[in-house]
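Input: a single structure, listed below in structure tokens.
As a basis for the values below, the full set of heavy atoms in this structure was taken, side chains included, without hydrogen atoms, waters or symmetry mates.
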Amino acid sequence: MKKYITAEYDGKNSNSEFIELVNIEDIDTECLISYETYDSRFGKLMIGSIGDSICYVGFVTIELSAESELKKRFPKISFKKETKEIHKPVLNFVELGKVPEKKIYVCLKGTSFRIAVWNELLKIPSGKFTTYGIIASRLGNPKASRGVGNAVGSNPVSILIPCHRVIRGDGNLGGYYWGIDLKKMVIGTEIDISE
DNA sequence: GCCTATCGTGATG
DNA sequence: CATCACGATAGGC
């Protein structure tokens with residue numbers, strides 16, 4: 001079984017340079033999510049947005065249809081299938097690794113702990129890895145690795161918030177919400193395969 | 001590999 | 001509020 005090596009990082013050359021997380025306190029029925037599914041190199045990809053902010057980026061797997069996934073994630077919000085301009089730079093980034101010209105705002109609902117974890121994920125550069133335990137330490141609570149796992153696993157915005165760059169402390173991959181094969185595939189686009 | 005200590009959440013009453 | 005079960009964990013042996 002292949003082992004993965006973690007690396008030091010300081011936030012430079014990472015997604016934190018062009019993504020800003022916005023916490024949505026009362027994400028309720030006032031909001032409307034515009035979503036559309038797109039063909040990507042990782043299979044079907046769903047992108048959802050509220051206004052000019054991205055609220056969801058995820059893979060559409062067989063057992064989880066796009067709409068039921070949205071219902072599960074945002075139980076109280078209504079949604080509409082439509083293409084939005086803001087989806088375009090996101091798709092470009094996923095497909096080509098093209099860094100967006102304008103800052104992308106990502107709106108999320110979560111406890112302060114979860115927001116902190118997601119912000120940490122943004123700082124990991126492409127092709128590098130960290131562990132659940134390291135993130136816990138960086139947040140000042142070294143024993144909270146398990147809680148970090150929970151937060152990472154519930155990240156609603158894949159790729160942009162690179163939850164695939166977190167692995168287990170023992171060098172194994174750990175899990176992935178959309179399936180471990182997808183995690184491998186995404187990682188494979190970021191590292192030298194010849195290793 | 002198995003066992004156990006631990007943490008943040010959401011569900012439940 | 002209090003408690004409980006549940007992990008994409010970590011570390012010891």
Side-chain angles (χ1 to χ4, degrees), chain A residues 1-9 14-16 19 21-29 31 33 40 42-46 48 54-64 66 68-77 94 106-191:
Chain A
M1 186 75 100
K2 177 166 170 36
K3 298 285 184 185
Y4 294 83
I5 313 290
T6 60
E8 298 291 323
Y9 56 93
S14 68
N15 293 14
S16 62
I19 292 176
L21 304 189
V22 182
N23 191 12
I24 305 289
E25 289 293 340
D26 46 328
I27 199 159
D28 56 22
T29 48
C31 302
I33 295 180
S40 82
F42 306 120
K44 228 174 222 340
L45 186 81
M46 174 164 57
I54 297 297
C55 67
Y56 185 87
V57 177
F59 310 97
V60 180
T61 52
I62 299 164
E63 58 256 61
L64 221 51
S68 65
E69 168 73 2
L70 279 180
K71 268 187 193 142
K72 192 171 130 197
R73 293 268 187 178
F74 310 94
K76 294 194 287 194
I77 307 186
V94 173
V106 171
C107 59
L108 301 156
K109 189 188 68 165
T111 62
S112 56
F113 180 83
R114 281 155 110 97
I115 300 286
V117 171
W118 294 332
N119 265 306
E120 278 301 315
L121 297 185
L122 285 182
K123 298 179 190 165
I124 313 168
S126 174
K128 303 212 168 162
F129 302 102
T130 192
T131 72
Y132 302 95
I134 290 173
I135 291 182
S137 294
R138 288 172 77 117
L139 293 179
N141 196 346
K143 294 180 189 164
S145 56
R146 207 92 197 242
V148 170
N150 277 328
V152 174
S154 57
N155 165 33
V157 185
S158 69
I159 312 287
L160 293 187
I161 301 179
C163 54
H164 56 279
R165 296 179 191 149
V166 189
I167 60 176
R168 285 187 56 120
D170 60 9
N172 288 309
L173 268 193
Y176 198 58
Y177 178 81
W178 291 277
I180 194 62
D181 288 336
L182 227 23
K183 186 172 187 173
K184 284 183 192 160
M185 213 187 297
V186 176
I187 287 174
T189 64
E190 298 187 351
I191 62 175

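To the nearest angstrom, C1' of C:dA8 lies 15 Å from CD1 of A:I134. Rounded to an integer number of Å, the gap from OH of A:Y177 to C1' of C:dG7 is 14 Å. Atom CZ in A:R114 sits about 12 Å away from atom C1' in C:dA8, given to the nearest Å. Atom CD1 in A:I180 sits roughly 15 Å away from atom C1' in C:dG7 (whole-Å rounding). Atom NZ of A:K143 and atom P of C:dG12 are 13 Å apart (whole Å). One can place CG of A:N150 at 13 Å from P of C:dA10, the figure rounded to the nearest angstrom. Distance, A:L173 CG to C:dT9 P: 12 Å, rounded to whole Å. Atom CG of A:N172 and atom P of B:dG1 are 10 Å apart (whole Å).
Not one side-chain nitrogen or oxygen of A:N141 sits closer than 4.0 Å to the OP1 or OP2 atom of B:dT6. Close to C:dA10, at under 4.0 Å from its OP1 or OP2, lies a side-chain N or O of A:T131. For the pair A:T111 and B:dT9, the criterion of a side-chain N or O lying under 4.0 Å from OP1 or OP2 is met.
Between the CG atom in A:N155 and the CG atom in A:L121 there is a gap of 6.5 Å [rounded to 0.5 Å]. Taken to the nearest 0.5 Å, the OG atom of A:S145 stands 9.0 Å off from the CZ atom of A:R168. With rounding to the nearest 0.5 Å, the separation of CD1 in A:I33 from CD1 in A:I77 is 4.0 Å.
Picking from C:dA8, C:dA10, B:dC7 the nucleotide with the shortest atom distance to the side chain of A:R168 gives C:dA10. Candidate nucleotides C:dT9, B:dT9, B:dC7 were compared by shortest atom distance to the side chain of A:S145, and C:dT9 ranks first. Proximity note for A:V152 (side chain, C-beta onward) versus B:dG8, C:dA8, C:dT9: the nearest is C:dA8. When distances run from any side-chain atom of A:Y176 to the nucleotides C:dT9, B:dT6, C:dA8, the shortest one goes to C:dA8. Across C:dA8, B:dT9, B:dC7, the shortest atom-to-atom separation from the side chain of A:C163 is found for C:dA8.
Contact of A:Y132 with C:dA8 (side chain to base): a donor-acceptor pair of N or O atoms is detected under 3.5 Å. Below the 3.5 angstrom threshold, one finds a donor paired with an acceptor across the side chain of A:R146 and the base of C:dG7.
Between A:G147 and A:I167, the residue anchored nearer the 5' end of DNA chain C, judged by the nucleotide with its closest heavy atom, is A:G147.
Under the Watson-Crick or G-U wobble criterion, with both distances below 3.5 Å, C:dC1 is paired with B:dG13. In this structure, C:dA8 makes no Watson-Crick or G-U wobble pair, since no nucleotide meets both defining distances under 3.5 angstrom.
Side-chain atoms of A:R73 come within 3.5 Å of backbone atoms of A:S154 as a donor-acceptor pair (strictly under, hydrogens ignored). Using a distance-only test at 3.5 Å, with no hydrogens or angles considered, a donor-acceptor pair links the side chain of A:S14 to the main chain of A:L122.
Aromatic ring orientation, A:F42 versus A:F59: perpendicular (interplanar angle above 60°, classes split at 30° and 60°).
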